[in-house]
Structure formats: C-alpha cells, structure tokens
Amino acid sequence: MDEIKRLQDEFAKAQMSGSMAKLSERNCIQIIQKLQELNMIDLLYTMDGKTYLTHDQLEREIKDELYVHGSRINIVELHEIVNVDISRVEAAVENLLKEDGNLHLIQGDLLDNSYMDNIAIEINDLLLESGYISLSELCKRFNLPSDFLMDQIEPRVGTIIQGKIDEGSRGSLFTDAFVARQRARILGVFSAMTRPAPITSVLQTYGFHEKLYAGELRSLISDGRLAGKLVGRGDKLEYVPDIQAKTQNRWINAFFRENSYIEFDAVKRLGIRNPKGHLKSVFRDCTVLETCVIGSAIEDLVSATVEEALDAGHFVDVMTLLPSPCTVEDGNTLLGMLPCLKKSFKSGSHSILCNTIVCSTKFIDGCGDVFKELLREKAQTVSQASKKQLLAASREASGGSDAGAAERTNSSRSSAGDTGNDKDKSRKDKRKEKKAKKSGRSVEDRDDSTSSVKSSSGRTENDQWVFLSTTEIQEVLAKSPAHSDCDDDLLAELATVLHRRLHKAFQECVREAFLAGGASADRKKTSDKLDEEYCTLCINARLFQKGVELFSDDKHKASLVRHLLKTVGASMLTVLVRAVAQQQCVPCELGDDVAPQQRASVIKALKNPARVALLKLDALLNEKELDAFLDPLEDFATDHVGFHVKRNDKKRDRQIAFHHRHTLQEQLSAETSPAMVLHLAVVLIFQTYTGELLHAPGKSVPNIVAFLKDHVKENDHRLLVEYQTKVMEALKGAADDESGPTAEEMQSIKALAVAKKAT
C-alpha cells in the first residue's frame, strides 16, 4: 500500500509540473501520419483538413444533428454540417442503420421512429378533423413513399392513430364515426327507393364515398337492413328494391297465367334490362323463343294439331297457333323442339315447308297424283316427236359397235402390231403434250373435256324431255280444288319439291312409251352383235392365256398378263358397258380406243347394281392374274347382260386359231418395217411349234426368241437372234440404215415364219 501511495504522488507531481519543450504543429501532423501508416490509429479528416476526428465522434455528431433537426435530416445537408466527405458520412450512416433499428434511410433522408410517431400524431389530428384521409395525400404531405408510410402507419393504428384502414384498397384511413355516417346515409337513400336505380348515378347524385359505397351497400343488403338486390356488373350494376321486383313479378305472373305466354319487349318496358335472363329464371319449365316465352298449354296445342294433321295426311301452319309477337324463326324453332316431329322425322313421314308449315308425306304424294294423267299424255307426245332422233342415235351407236366388233375380233392384228402402234402413239402423245403445254392444258384434261362434250351431247336428248317448270307446276296446283286452302308461298315450295320428282317420272314415262312404240328390233340386233363380239373376245382371252402358261419366267408371265388385261380385257369390259348402257337407255359413244376415264364416266352414269359391279371390274384390270378378272367378268355378263360363252368347243377353237394364223400371215407379207416383221414372225413361229396363240407386246420379243430356242432348229434360231440384234441396234441408233437388216434377211425371216413345222 505504501508503494502504491508513492506512485500516486509521483504521478500527481508529474501532472502538475510544466513541460520543458513543446511539439510544433508540423511535428504533430507528421506523428499522426506515421501512426496512421503503422495502423495504430484510424482518424478522419474534415473538409478543410485542419481537424481530425474518430469514427465514433462522427457517429455521435450525426445523432446529435438528427436530434437537433427534429429526427429527420437529409444526407447532403448532414455532410455540410459535420464538414466531412459525403462518402464518409454515408458509410457512417450505414453503420448506424445496422446497429440501431429505430433509424431509417428513406429517399436520402435519415429519420428515426420518433419522427414517425410525430407524423402519426399529425395524421390522427387530420383524421379526426375530416374523418377520412387517403394515403396519396399523406405521401404528398410528408414526402414519403407509400409502402414505407403504410408499413409505419399500420402498427400505430389503434394506438396513436384512432381510426382504421380500408381493407379493400389499403389506400385510405377512416374513423368509425365517418363510416357510421356514410352507412347511415346509404341506408336512408336506398331505403327510400321504389324503382331500380343505377349505382353510378346514385353515387354522383349523393356524393357517397367511393371506397365505402359498394362494400357498405352489400353489407346492408346481406344483413337484411335493405330489402333489395344488386343486378348486373361493372358500370351496369343497379339496385333493384324488392317492392319493385314484387310488383313486376306480380304483373308478369298474371299476364302469363292469363295468356300462357309473355314477350320480352313487354318485360323490358317494365324496367328489366335483361328480360330473357329474368324470364328464364322465373319460368324454368317453359319454352324460351327469340321473342317470347310460351307455356305448356300453347306447346301442347301445337303438338296435338301437328299430330292430327300428319294422321289426316294434311298440312298445318304453326304460325296460326302461336301468339302474335312470335316470328317465323320462333315457329321454326318450336317445330324443332316437338317430340312428335322428331319421331316422324326418322320415318320420313313429314316435311317442313316455308319454315313453319308441316306437310305430311301423304299430302305431298297426293299433290303428285294431280299430274299423273298429264304425265302420260305429254310422254306420248314427246316420245312420238323424238322417235326419229332416238332411232338415228341407236343406229349410229350400233354401227360403231359393228365396226369395233370387226376390228376387235381380229385380235391377231392388235397383238402383232403393238410395236409399231406403240411408237406411233408415243409420237402422237408427244405432239399432244407439246400442244397442251402451249395452251396450258394437259393431254388428260383435253381428253376429259372431249369426253365431257360427248356425254353432254348425249344428255341433250334427255334434257329436252322437260315436263313442266316450277311456275307451271304451281299454276296447276293452284287450279286444283284440293289445294284451294294453300297460299302462294306454300304452292311455290310444293312446286319446288315436286319438280325434280315429276321430271324423273316424266323421263321414265317417255322411255317406256318409246320402247312400247317400237325400236325393240334394232335394240335386239345391236344386243346380238355385242354378244357375238364379247364371246369372241372372251374365247381369244382364254386361248391367249394358254400361250402365256407355257413360259416359266414368272416376271415375263406377269408382263404378258398385264398386256392382255390392258388390251383384250379392257375391250371386253367396254363391250359390257355398252350393253348395259343400251339396256338402261343411257347415251354411250365408246369407240375402240377408249380412254379409261371415258369408260369410267359412262359407268358412273349407269344405275345400281350394275354400276357398282362394273366399277369393281374396272379396278380388276390392274390385277396380276388373268382369272381374277375373267371369272367375275363372265359372272357379270351372265347375270346382268345375258351373254353366255360356250366352253370346251375344240372345233371352234381350231377355227379361231386358223383364222388368227391366216391374219398374221397376211399382215406379215405386207409388212416392210424390220421390227414389225420380227414381231409378227416370232408370234407365228410360236403358234406353229406350240400350237397355242400368243398376244404379246413388242418388248416381249426377246423373251419369245429365247423361248423358241428349244423348239426350232439351231440354224433357224441363230437366224432369229442375228436378225433381232440388227433390229435392236437399228432402233437404238447404234448403226446407220445400211448396216440394218437387209431385204434378203427380212425375206428369210418371213419364209421361216410361214414355214410349216418340221417333222
């Protein structure tokens, strides 16, 4: 203790003694700089550089200035007062905000909770004075953002601020007294209403507060304080007092009970803006039309009257049964709802004409009976007048058939001439394509147009068989006593319905009258010629099939079958189409070289079931097996046309084979084309050595020559191969005309072809 006392005395003595030497200002500055370089002290400079202060001192000065300025000061103003660089001030403020939760930095202003308490007191004074204040006004008054201001106001409501926040928008403050006054005013105004009133007009008239208006009104209605309801949405929202609704509903129910209907215009005149929706909610079980609502009594009356008219085979106009406000659309809509018409619609026992007139099928058929006698008389007259034209057309068609039969019977000519014909057709097709390109049309389009012209010319005769126009039909019906109660609109609709039916019946009467009056002999003659032509083609096809079966190469056999179907098969189908067209009195001008499109167009003009069967046969022309086409073709010819082909007639087959060979020999002797000579020669040699007929295209000649290797002598086969090589080189253009087959070689091939089989 003594030692401590001694040290205290020495320390007091040292403090009381004066210094022997003093440091200059420059030395002090150097010492402070050295201490800062050694990180022993951390000081801040003022703006003038004459004063040092610590960070704690700066924070204390900032708090002092904040208190002096009423708990709110701007950072820029604070920087000028403390005379420190603004960055140092901002750093110190940020440090204070972290340490003290009562401080806030808002839009460059530093403030604390005491400032917000003062604002809350001021807000409370304003609220007590006006009863209402908006957040936007407070933001302008205190220059604070709305989110921050609302966050600070909410915890002070009920303590400092005596009021409440609007729960709907959170942008207004009210006092309970203000809300009570607004609620009382709303209750008084709407309690006095006896008619519907738009909410917007009431708001403008009485100056209710927008924020409280809708909410308080709904609250009063839900609490039962107001007897009424809100109808509509948005700007169309209106208040309808119960007394008005009761008066309206009382009138609507009385009118509907007395008349069993009520129109929308009448309800709209009562002040109901949506009459259709209102009536739907009131009369849920009634029928709603475009102009009115009708009850079950009217609907039952219409249904019973319609059923009675259908049972009696008559007609009824529902417009005579509906109220006067109903339109034609209402009548048509009601007919679509009747259960009795839905059932009869499936059976086809009625038709609706003029949108509102229900006609039974018996009544329409009875209208057609008026024209029976007139149909027969006019059919006799037309058939007599056009008999010469029809006979001339029939003779022309039969003449074309005779020429086609003569050429198609000579099947050897077509089989032997494929190579040359193919070349000629290809050249013609190329010329057609060039012309078509210049004119902007394809060859197929031109062929279709040609066929359409032909078919249209064929239909001209039928188009001349017009019975009566719709106007004439209407006039006849108007003169009939049975239709005296029909108005002009109904007669016009009936004439339109009957026109097509009578036109078709008239054409059938004309055909029957014509067939009964003559031309049956010519038809029989033409039918016999078609039968003969079909039988010849069918026998040739079967004989050619035997020749195809001798080849072992499946690919080559398939090629020969396709050629048979495209030539002989297509000709057979064309003959059957002409025969069916003759039976059905359908114009048909199919020649020998008929395009598939032309044949298909004639088939589509025929009647079922022949049309469906012929279309299937036309599709079978693309089959790979000949029997797949010939068997159904022969069945169709027997069932629909009556053409029969006698099978296994060996004498007839030998005659056809002899005639086929003789025709090929005549064509070969007159032929000068080396390629055609080779084609005809190999076909003749094939028939000579196999005894079977062959119908082959030009591209099959090499396969036939290879097949003959095992049937002819070696020298003869070598001669065929050499001649074939020269012909192919000449066709390809690999040799000039002098190096092609000579006349002597051509004569050798011809001699080989007509020679008899060596024994």
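- The closest donor-acceptor contact from the side chain of N355 to the backbone of N332 lies at 3.5 Å or more, if one exists at all.
- Within 6.0 Å of the CZ atom in R225, the count of heavy atoms belonging to other residues, nucleotides or ligands does not exceed 12.
- The ring-ring contact (aromatic ring centres under 6.0 Å, His included) check on F148 picks up H104, with sequence neighbours excluded.
- A donor-acceptor contact shorter than 3.5 Å links the side chain of D112 to the backbone of Y115.
- Atom CG of residue L341 and atom NE2 of residue H350 lie 4.5 Å apart, to the nearest 0.5 angstrom.
- Contact annotation: the side chain of L103 never approaches that of V93 to less than 4.5 Å [non-hydrogen atoms, C-beta and beyond].
- Looking only at distances, no side-chain donor or acceptor of D100 sits under 3.5 Å from a matching main-chain atom of L96.
- With hydrogens and angles disregarded, a donor-acceptor distance shorter than 3.5 Å links the side chain of Q248 to the backbone of L270.
- With D9 contributing its side chain and R6 its backbone, the two residues share no donor-acceptor pair below 3.5 Å.
- Residues P323 and I298 form a side-chain contact, since some pair of their non-hydrogen atoms from C-beta on lies under 4.5 Å apart.
- Atom OH of Y67 is surrounded by 12 or fewer heavy atoms from other residues, nucleotides or ligands within 6.0 Å.
- Note that the CD1 atom of I357 and the CZ atom of F315 stand 6.5 Å from one another [nearest 0.5 Å].
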Margin query: Set out, in order, the CA-CA distance, both residues' side-chain angles and the distance that settles side-chain contact (heavy atoms from CB on, under 4.5 Å) for M116 and L149, then state yes or no.
Written below: CA-CA 9 Å; M116 296 308 304; L149 188 58; 4.2 Å; yes
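- The number of heavy-atom neighbours closer than 6.0 Å to CZ of R88, taken from other residues, nucleotides and ligands shown, is 12 or below.
- Annotation: side chain of L126 is not in contact with side chain of E137 (no heavy-atom distance under 4.5 Å).
- To the nearest 0.5 angstrom, L353 atom CG is 9.0 Å from T496 atom OG1.
- Within 6.0 Å of the CD atom in E99, the count of heavy atoms belonging to other residues, nucleotides or ligands exceeds 12.
- When the shell of 6.0 Å around CD of Q107 is examined, it contains more than 12 heavy atoms from other residues, nucleotides or ligands.
- Taking H314 as the reference, F363 meet the ring-ring contact (aromatic ring centres under 6.0 Å, His included) condition, with sequence neighbours excluded.
- Remark: of the listed residues L338, L334, V306, L301, V306 is the sole one forming a side-chain contact (heavy atoms from CB on, under 4.5 Å) with V318.
- Looking at N118, its side chain does come within 3.5 Å of a backbone N or O of S114 through a donor-acceptor pair.
- A distance-only check finds no donor-acceptor pair linking the side chain of S303 to the backbone of E299 [under 3.5 Å].
- The distance from the CD atom of E122 to the CG atom of L138 is 9.0 Å, given to the nearest 0.5 Å.
- Residues L477 and L498 are in side-chain contact: their nearest non-hydrogen atoms beyond the backbone lie under 4.5 Å apart.
- For the pair D330 (side chain) and E290 (backbone), a donor-acceptor distance under 3.5 Å is present.
- Within a 6.0 Å radius of CD in E77, more than 12 heavy atoms belonging to other residues, nucleotides or ligands are found.
- The line from NE2 of H55 to CD of E59 is 9.0 Å long, rounded to the nearest 0.5 Å.
- Once rounded to the nearest 0.5 Å, the distance linking SG of C292 with NZ of K276 reads 10.5 Å.
- Put simply, the side chain of V497 does not reach to within 4.5 Å of the side chain of C367, judged on heavy atoms.
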